[in-house]
Structures are given as structure tokens and as C-alpha cells.
Peer 1: 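I have a structure I would like to understand better, so I am pasting it below and will then ask my questions one at a time.
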Amino acid sequence: MGTTRSRWRREPAARDAPDGGKPGRALEVLVLSCSVAAALTAVAQPVVLGRTLDLLLRDGDAGQWLALSAALLLGELLFDSLTSLFTGRCNAARTAFVRRRALTGLLRAVPDRAGPHTPGDVGTRLTLNATDAGGAFAARASLAASLVTPLGALAALAFVDLWVAACVVAGLPALAMVLRTFAKDTGASVAAYQRTQARIASRLLEALEGSATIVAAGTTARERARVLAPLTELAEQGRRMWALHGRALARSGVLVPLLTLAATAVGGLRLASGDLSVGDMLAAVRYAQLAAGVGGTASLLGAVVRGREARRRTLELEGLTALPHGTRRLPPHGPGELELRGVRVVRDGREVLRADGVRLPGGSTVAVVGRSGSGKSVLAAVAGRLTDPDEGEVLLDGVRLDRLTRQELRAEVTFAFERPALGEGTVAEAVAAGARQPSPEQVRQAARAAGADGFVRRLPQGYDTPLPSAPLSGGEHQRLGLARAFAHAGRLLVMDDATSSLDTATEHEVNRALRRSVRPGTRLVVAHRQSVADRADLVLWLEDGRVRAVGTHRELWDEPGYRAVFGAGGPEAAAPGERSARPEPEGVRP
């Protein structure tokens, strides 16, 4: 085990990697610079080519102008190649930046604020939408550079011949109107398309998570129809997007030739009258084509619009409400006394929790009981500051939780959940991950306390087994989550239904080890089993979001409503300590 100790430590680089913003901005500048350079060389080519043609027709020395024409052509090819290279790198850097920022915002958010975003919706935002948003930066730079060509061509055309330039200018407002309409209609269409994609992804993930239930119930066809139902809507939105794109290209495809034809006719008249040379005529026609080429920016404009709508969706994750933290620390050697003063939590206009004057002694084990929907998980989240109450304050050893530093809060307040997220590292890395940095021996001790050491040692590589390769049952997965909580236990340990997948005997062993082997502190245990409440020092009884009473299990048992929480309605129900199941082995119950 000693040889793998360094592998158990989380590398700072993986946590504090640079956001990639500066490299992305530098690449965007390179894309813009190369695009502008390519546009300028394209603008310079017609006048140089026209001058070369005039010299050749007059039997003049055109060698230098031919060399310049060739250099401009090669320069355009070079700058176009560099633009493609830097565009790919810029898209990759910016996509990673957008994805990292959105994921960071999601993970730092208050959990109940992130709840409305389903896994499928989040997956769509972090994949498809992040890619579109990342590509918008280079597309915007290319779009800006694409305007250099028609504007530069128009300026050069005015230098060659004002009459031809005036003819082109007269037709540009129509092209601009086509692009404006395209951008406006495409924005709404793209937003609807992206929302429908997210709905399909959400339904698909829901079906995958409940695949066993679907097969067992024989509802495969019905579920398939439900998942794919939005496809009709998606197809219609896709057809609308392509129709808008095609309409814009068709309109510009008609206007551009007409505009070029008109400019050619005017240039021809000017040539016939002797006001233009053959070379000037060639340059004028080419500049008219370049100036009218503003209609060809529809594709770039579409990419910018898609990126803008996609960025709006990723910004919603990035801007999720995060918990602010203070600068204070807890007093040294505190017992972990927890107090709730005037706490009130409201969700969707309904009060889901009210707790005032609740003081839980430090070092005690407190079971939180109540019927389903009584507010147990809300109280657990507020007590451990996964969320803040709408009113009131929560104190640990006399210090408000919202005034603690992030590091202090997460080092001293630990959670264990019903379905822990362990990640994809090794078993040891999963247990060691957290605000503290436990040693290998502390990791093994926590695993023993959670009843996990035995099955971990039987894995192919023991504690070094990668989690994806570990064949874990639901109870074993939950025990690893408990082990991680035990390894990082501080003054307050909140266990939100964290032993629901354990059998009764294993749960007894875990509770005994929790008292003897885990760092002393206050334990707040969301409980559904009568045995858990019986072993606790105190019971906090919730009913309809309010604290009905705080006392020992034996004291509260006289209340019919309390007995009803455990399905024991009458006075003849088993009293505390009298199990309906087989008795515990001697010495198991603390």
C-alpha cells in the first residue's frame, strides 16, 4: 500500500487547470489577422492583374507585375491555409473553455438550483451546445474579415471607376436586407431546435436509467415512442432552418449575378466610350463580383447565430447560483453543537421547512425522522449548508455556516448520501477524495468502519482496482460512499439515507464502528428504520415541514403520530428496544 500512496492524492493541476481563455483569444486574433490578410490579397489581385493585362496588350514590360500577381495568389493561398489551421485550434480551445466554465458553474451551484436541469439537458449543453458556442468565436472573426473583401473591393472599384461603383452600391441594400432577415429568423429557429434536442436527450437518459423497469413492465414500445416523440418536431425545425438558409442563398444567388451583370454592362459602356481600358474593365468586373459577395456570408452568419444561442444555453449553467462563503473559521476543539434559528425554506411558493430554536448537542447522534415529504432531506441540506435557508441562520459551535470559508466548511461538515458519486478513479482514490487528505491507513480504517474493507480486498487489485472494473452491488457502492464520509468526518457528519441499501446486520456493524472508530462529532442521520431512531441519542421529528418534537425515541414513542412514522399505529406496537425482527447479537448495539 505504501507504494501507491502518491496515486491517492489528487493533483492540483487537475483541479486548478487554466481556463484556456488567453490562448483562445490569441488564436482568435490569429484567425482574424490571417482572414484579413487573405481578404486584402484578394482585393489587391484584380487591379494588379488588370495592370499586367494592359502592359501585355501594349507590349510593355510586365515582368514585375506578373511576379506580383503570382505572389498575391500564393499569399492568398497561404493565408487561407493558416486561417483554416488557426480556426481548428481556436474552436478546440474555445470549446474546452466554454465547456469547463459551464461544468464549473454547474458543480459549484446550489444543488436545488441545478435540479431543474435534467441530465439529458445538461449533456446537450456541455456537448453539442458547447461545440457550437466554441466555434462561434472563430466564425465571428471570419465574418468580420469577410466584410473586408466587399468593402475593400468597393473602395478599389471607386478608384477604378465611380460609375461602376455607383451601380454596385445601388444593389447592396437588397443584399443587406436578405442577411438581416436571415439572421433574425434563424436565431429563433436555432433556439427551438436546441431545446428540442435537449428534450430528446433527457428522455433517452431517463429510459436508460429505468431500462430494467421498462423491460420488466413490457412497456418497451411505449417508452420508445415517448423518447422519439419530439423527433417530428425536431425534423420540422431542422427543415425550417435549412429552408431559411436555402432561401437566403437563393435570394443572394439571384441578386449577385444581376448585380454583377449590371456592373459589367456599365463597365462595357465605359470601355466602349474609351473611359476604361481593357485591364480596368477586367478589374472593375472582378471588384463588382467581390463587392456583391457579401451575400456569401450567410453561412458564417448562420454559424455565429447558432453559436450565440448555444452560448446562451451554456451561460445558464455557468451563471447558476453558487453559495457565497465568508472568511471565518470555527473555534478550535469545538464539540460540533448545531443550532437552527428561525430557519425557513420555501420552494415554489410553498414552505417546505420551518425550524426555530433547535439546538443539537455536540457529539450526539441525532436521527431525523418523518413521513415522506416531511422535509428530512431539506433539513439535512440546510444543516450541512448544501443550500441556505430563505430565512434564519444555522450555527455550528456558535459560528454561522454562511460565514465560514469554503475550505473550513467542507473540512468540518461531511455528507454521506444514498447514491454517492464516486467518480472513475481507483477504490482508494474514491475514498480519499475530499477536502482533507487522509493517509492510506486512514482510508483502510474508514473502509473497515463502513464494512467495506472485506469486499475491497477481494477485488482483483484490492484498493487499486479501478471503479469501472469493480463489480459492486448497490450496498457495496453505498458502503464506499460511507467510507469516504468517515475518512473526512469533521465536527458534523450528515447521513442522508446513507444506509438504505445495507442489510440490518451490516447497518448495526456500521453504527457501532461509527461510534468507536470514526472521528467524534455530531451525527445527523436521516432515518426510515425504527432501529436507527432507537439507537440515536436524540430524535428530531418532522411533520409537514415543521419540527414536531425533539427527544429520545423512548420519549416520543408515546405519541401515536410518531409511531405511525414507522408503521406502528396502536399502543400494542413494539416498544423501543423490543424488535420485531430477530434480536441483535450481544454487543452489537452500542
Peer 1: With distance as the sole test, does His477 use its side chain to make a donor-acceptor pair with the main-chain N or O of Pro420 at under 3.5 Å?
Peer 2: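 Yes, because the side chain of His477 sits within donor-acceptor range (under 3.5 Å) of the backbone of Pro420.
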
Peer 1: Is the shortest side-chain N to carboxylate O distance from Glu316 to Arg312 below 4.0 Å?
Peer 2: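 Salt bridge: yes.
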
Peer 1: Thinking salt bridges, do Arg125 and Asp132 make one under a 4.0 Å N-O criterion?
Peer 2: no

Peer 1: Taking the side chain as every heavy atom from C-beta outward, state whether Glu408 and Arg328 have any atom pair closer than 4.5 Å.
Peer 2: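 No, every pair of side-chain atoms sits at 4.5 Å or beyond.
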
Peer 1: For a 4.5 angstrom cut-off between non-hydrogen side-chain atoms, does Ser142 reach Val31?
Peer 2: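 Sidechains of Val31 and Ser142: in contact.
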
Peer 1: A side-chain contact here means heavy atoms from C-beta on lying under 4.5 Å apart; do Val494 and Thr414 qualify?
Peer 2: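 Sidechains of Thr414 and Val494: no contact.
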
Peer 1: Kindly compute the distance separating OG1 (Thr41) from CZ (Phe79), expressed to the nearest 0.5 Å.
Peer 2: 6.5 Å

Peer 1: Between Leu126 and Leu317, is any pair of side-chain heavy atoms under 4.5 Å apart?
Peer 2: yes

Peer 1: Contact between Leu320 and Val110 at the side-chain level, heavy atoms closer than 4.5 Å - yes or no?
Peer 2: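 No. Closest side-chain heavy atoms not under 4.5 Å.
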
Peer 1: Does the distance from a Lys or Arg side-chain N to an Asp or Glu carboxylate O, for Arg400 and Asp402, drop under 4.0 Å?
Peer 2: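 Answer for the salt bridge query: yes.
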
Peer 1: Any side-chain heavy atom of Val98 sitting closer than 4.5 Å to one from Thr131?
Peer 2: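 No; the side chains remain at least 4.5 Å from each other.
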
Peer 1: Please collect all salt bridge (Lys or Arg N to Asp or Glu O under 4.0 Å) contacts where either partner lies in residues 197-208, sequence neighbours excluded, each pair once.
Peer 2: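 Found Arg199-Glu233, Glu206-Arg226.
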
Peer 1: Would you call Leu205 and Thr118 a side-chain contact if the rule is heavy atoms closer than 4.5 Å?
Peer 2: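 Side-chain contact under 4.5 Å: no.
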
Peer 1: Determine the minimum heavy-atom distance between Ile200 and Pro230, stating which atoms define it.
Peer 2: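 Looking at all heavy atoms of both residues, the closest pair is CG1-CB, 3.7 Å.
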
Peer 1: Check Phe415 against Arg410 and note the closest heavy-atom contact, atom names and distance.
Peer 2: CE1-NH1, 4.2 Å

Peer 1: CZ/Arg224 to CG/Leu204 distance, rounded to the nearest 0.5 angstrom?
Peer 2: 13.0 Å

Peer 1: So, for Asn91 and Ala138, which heavy atoms are closest and what is the spacing to 0.1 Å?
Peer 2: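 Closest heavy-atom pair between Asn91 and Ala138: OD1-CB, 3.4 Å.
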
Peer 1: Quick check: are there more than 12 heavy atoms from other residues, nucleotides or ligands sitting under 6.0 Å from CZ of Arg419?
Peer 2: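 Result for CZ/Arg419: open.
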
Peer 1: Just how far is it from atom SG of Cys34 to atom CG of Leu78, taken to the nearest 0.5 Å?
Peer 2: 8.0 Å

Peer 1: Just by distance, no angles: are the side chains of Ser202 and Asp121 close enough, under 3.5 Å, to form a donor-acceptor pair?
Peer 2: no

Peer 1: What's the separation between atom CG in Leu422 and atom CZ in Arg484, rounded to the nearest 0.5 Å?
Peer 2: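 It comes to 5.0 Å.
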
Peer 1: Would you check if the side chain of Ser84 reaches a backbone N or O of Asp80 as a donor-acceptor pair within less than 3.5 Å?
Peer 2: yes

Peer 1: Working note: Leu30 + Leu27, criterion side chain to side chain contact (heavy atoms under 4.5 Å, CB included); need CA distance, chi angles, decisive distance, verdict.
Peer 2: CA-CA 5 Å; Leu30 288 173; Leu27 288 168; 4.2 Å; yes

Peer 1: Closest heavy-atom contact between Ala136 and Gly307?
Peer 2: CB-CA, 3.5 Å

Peer 1: Report yes or no: is the cationic atom of Arg94 (NZ for Lys, CZ for Arg) closer than 6.0 Å to the six-membered ring centre of Phe97, at no more than 45° off its axis?
Peer 2: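 Yes; both conditions hold, so Arg94 lies above the ring face of Phe97.
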
Peer 1: Of all the heavy-atom pairs spanning His488 and Ala432, show the shortest one and how long it is.
Peer 2: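 Smallest interatomic distance, heavy atoms only, reads NE2-O, 2.9 Å.
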
Peer 1: Could you walk me through whether His325 and Thr405 pass the side chain to side chain contact (heavy atoms under 4.5 Å, CB included) test, one step at a time?
Peer 2: CA-CA 5 Å; His325 294 83; Thr405 66; 5.7 Å; no

Peer 1: With a 4.0 Å cut-off on N to O distance, would you call Arg311 and Glu318 a salt bridge?
Peer 2: yes

Peer 1: What do the steps show when you test Leu480 against Leu467 for side chain to side chain contact (heavy atoms under 4.5 Å, CB included), and what is the final call?
Peer 2: CA-CA 11 Å; Leu480 287 181; Leu467 281 171; 4.1 Å; yes

Peer 1: Could you measure the distance from the CD atom of Glu309 to the OG1 atom of Thr314? Nearest 0.5 Å is fine.
Peer 2: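 With rounding to 0.5 Å, CD (Glu309) is 11.0 Å from OG1 (Thr314).
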
Peer 1: Picking from Arg436, Arg385, Arg329, what satisfies salt bridge (charged side-chain N to carboxylate O under 4.0 Å, His left out) with Glu412?
Peer 2: Arg436

Peer 1: Run the side-chain hydrogen bond (donor to acceptor under 3.5 Å, both in side chains) check on Thr426 and Asp464 step by step: do they pass?
Peer 2: CA-CA 5 Å; Thr426 66; Asp464 291 330; 4.9 Å; no

Peer 1: Within this structure, what is the CG-CG distance for the pair Leu82 and Leu77, rounded to the nearest 0.5 Å?
Peer 2: 11.0 Å

Peer 1: Between Gly384 and Leu401, what is the shortest heavy-atom contact and its length?
Peer 2: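 Reported closest heavy-atom pair: C-CD1, 4.4 Å.
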
Peer 1: Within the 4.5 Å heavy-atom criterion, are Val346 and Val352 side-chain neighbours or not?
Peer 2: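 Answer no - side chains too far apart.
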
